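Data block below; observations after.
Count residues from 1 along the sequence. Heavy-atom basis, side chains included; hydrogens, waters and symmetry copies ignored. Source: prediction; values computed, not measured.
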Amino acid sequence: GIAVSSVTEAESVVQKLVTGGASAIVISLEPGGEPGRHWMTHGNPIPDTPWPILSAEITQTIVTKAHALGKRVMAFVGEETGLTRALDANVDELVHIPCAEISDELLQRVADNGVTVVTTLDTHSTCEHIFANAAGLGMKGAQVVYGSEIAHDDVPWGINGQELHTMLQALSGESIDFTDVVNILKAATSKSAEDLGIPGLGTLTADAPADLIAVRGNPFEKFKILEYPD
């Protein structure tokens with residue numbers, strides 16, 4: 001991570017990153033302290049909060065500069081202060097569903113602003129409010145796509161079946177039908193590809209830049225078999 005403390009410095013860093021080949025700019029807007037996050041559990045010493053976060057002016061500068069250079073801005077947010085700052089600055093994507101309790105008003109703003117939200121519900125399952133936040137985003141029609149923390153040693157090297165299962169439960173409303181199952185699999189394939197801006201990826205179409213995986217069984221009935229394809 002790169003710490004910045006002024007508008008001028010922020011513009012310079014964004015320019016340097018883009019010149020160096022960055023495909024997107026990622027910022028952290030987390031003051032910490034969300035119940036259930038990794039650093040708040042497992043018997044570790046609880047870190048002092050709040051952590052310093054980027055000012056509203058610097059955040060806006062980063063987003064404006066990145067957009068002028070044709071790059072998206074993705075934000076780490078965990079609670080309402082960081083989420084509000086991200087939305088006010090018009091970030092493009094949240095790299096996790098927030099961990100702390102988020103109001104209906106802010107969840108609606110996420111949907112209304114067209115902000116894409118990556119799930120990672122499995123890895124952050126200890127967060128006390130993440131499932132409710134996901135359900136709220138689903139009810140409000142927000143753009144939610146599959147994401148899994150592949151750097152964690154307990155996450156499979158295929159598609160994370162537990163992530164898909166949790167997404168299905170959280171995003172489908174009061175009942176689940178086959179359309180919901182299809183939409184969850186799209187969230188891990190074609191919808192994620194759209195978010196990445198790669199035409200054809202995740203689809204069975206001519207000249208699509210896609211890999212195929214083969215599994216034993218029916219993944220529409222059992223997501224788990226996607227975790228270790230043959």
Side-chain angles (χ1 to χ4, degrees), residues 4 7 10-11 13-14 17-18 22-32 34 37 50-51 53-121 124 127 129-148 163 166-167 170-173 180 183-184 186-199 201-202:
V4 296
V7 166
E11 286 190 329
V13 167
V14 171
L17 290 171
V18 173
S23 58
I25 301 299
V26 184
I27 58 176
S28 178
L29 296 170
E30 293 183 301
E34 311 97 291
R37 284 301 288 268
W51 303 337
I53 66 173
L54 300 169
S55 70
E57 183 181 22
I58 290 176
T59 303
Q60 184 65 69
T61 297
I62 291 171
V63 174
T64 301
K65 181 68 172 179
H67 285 173
L69 296 171
K71 301 298 179 181
R72 296 187 304 160
V73 178
M74 307 157 73
F76 285 90
V77 300
E79 45 66 76
E80 292 193 340
T81 300
L83 177 57
T84 299
R85 191 155 299 179
L87 293 173
D88 287 347
N90 296 313
V91 302
D92 304 287
E93 184 168 298
L94 306 181
V95 298
H96 300 294
I97 290 177
C99 186
E101 185 175 8
I102 304 297
S103 69
D104 275 352
E105 178 185 4
L106 281 178
L107 293 176
Q108 188 65 58
R109 282 190 65 191
V110 172
D112 292 345
N113 286 18
V115 177
T116 300
V117 185
V118 182
T119 55
T120 63
L121 292 166
H124 296 150
C127 287
H129 300 283
I130 194 169
F131 190 93
N133 291 337
L137 290 168
M139 290 178 62
K140 291 166 176 54
Q143 174 75 2
V144 180
V145 297
Y146 164 94
S148 183
E163 185 72 32
T166 308
M167 290 174 67
L171 300 173
S172 299
D180 296 316
N183 286 336
I184 292 301
K186 285 183 177 179
T189 53
S190 58
K191 291 299 182 183
S192 288
E194 288 176 14
D195 182 56
L196 292 171
I198 304 175
L201 183 65

**Prompt:** Side chains of Ile97 and Ile102: does their closest heavy-atom pair fall under 4.5 Å?
**Reply:** no
**Request:** State, without any angle test, whether Glu57 and Ser55 hold a side-chain donor-acceptor pair at a distance under 3.5 Å.
**Result:** no
**Asked** What distance separates Asn113 CG from Gln143 CD, expressed to the nearest 0.5 Å?
**Response** 13.5 Å
**Request:** For the residue pair Val145 and Glu194, establish whether any side-chain heavy-atom pair is separated by less than 4.5 Å.
**Result:** no
**Complete:** Tested for side-chain contact (heavy atoms from CB on, under 4.5 Å) against Arg85, the lone hit among Ile53, Leu54, Val77 is Ile53
**Asked** Are more than 12 heavy atoms from other residues, nucleotides or ligands located less than 6.0 Å from atom NZ of Lys65?
**Response** yes
**Request:** Would you mind listing every ring pair (Phe, Tyr, Trp, His ring centres under 6.0 Å) that reaches into residues 69-98, with sequence neighbours excluded?
**Result:** Phe76-His96, His96-His124
**Message:** Per the disulfide bond (SG atoms under 2.5 Å apart) rule, what does the pair list look like for residues 59-93, sequence neighbours excluded?
**Reply:** none
**Any donor-acceptor N/O pair, Glu163 side chain to Leu121 backbone, under 3.5 Å** = yes
**Message:** Let me confirm one number: the CG-OG1 distance from Asn133 to Thr119, rounded to the nearest 0.5 Å.
**Reply:** 13.0 Å
**Prompt:** So do Cys127 and Glu34 actually touch side chain to side chain, heavy atoms under 4.5 Å?
**Reply:** no
**Any side-chain heavy-atom pair of Ile62 and Ile58 under 4.5 Å** = yes
**Asked** What is the distance from atom CG of Asp104 to atom NZ of Lys140, rounded to the nearest 0.5 Å?
**Response** 4.0 Å
**Request:** Side-chain contact test, heavy atoms from C-beta onward, threshold under 4.5 Å: evaluate it for Val73 versus Val14 and give yes or no.
**Result:** no
**Asp92 with Lys71: basic N within carboxylate O range, under 4.0 Å** = no
**Prompt:** If you round to the nearest 0.5 Å, how far is CG of Leu83 from CG of Leu106?
**Reply:** 5.0 Å
**Those residues that, when tested against Glu101, pass side-chain hydrogen bond (donor to acceptor under 3.5 Å, both in side chains) (two or more places apart)** = none
**Request:** Return the minimal non-hydrogen interatomic distance between Val63 and Ala89, and the atom names on each side.
**Result:** CG1-O, 3.1 Å
**Request:** May I ask you to test the Val18-Ile25 pair for a side-chain heavy-atom distance under 4.5 Å?
**Result:** yes
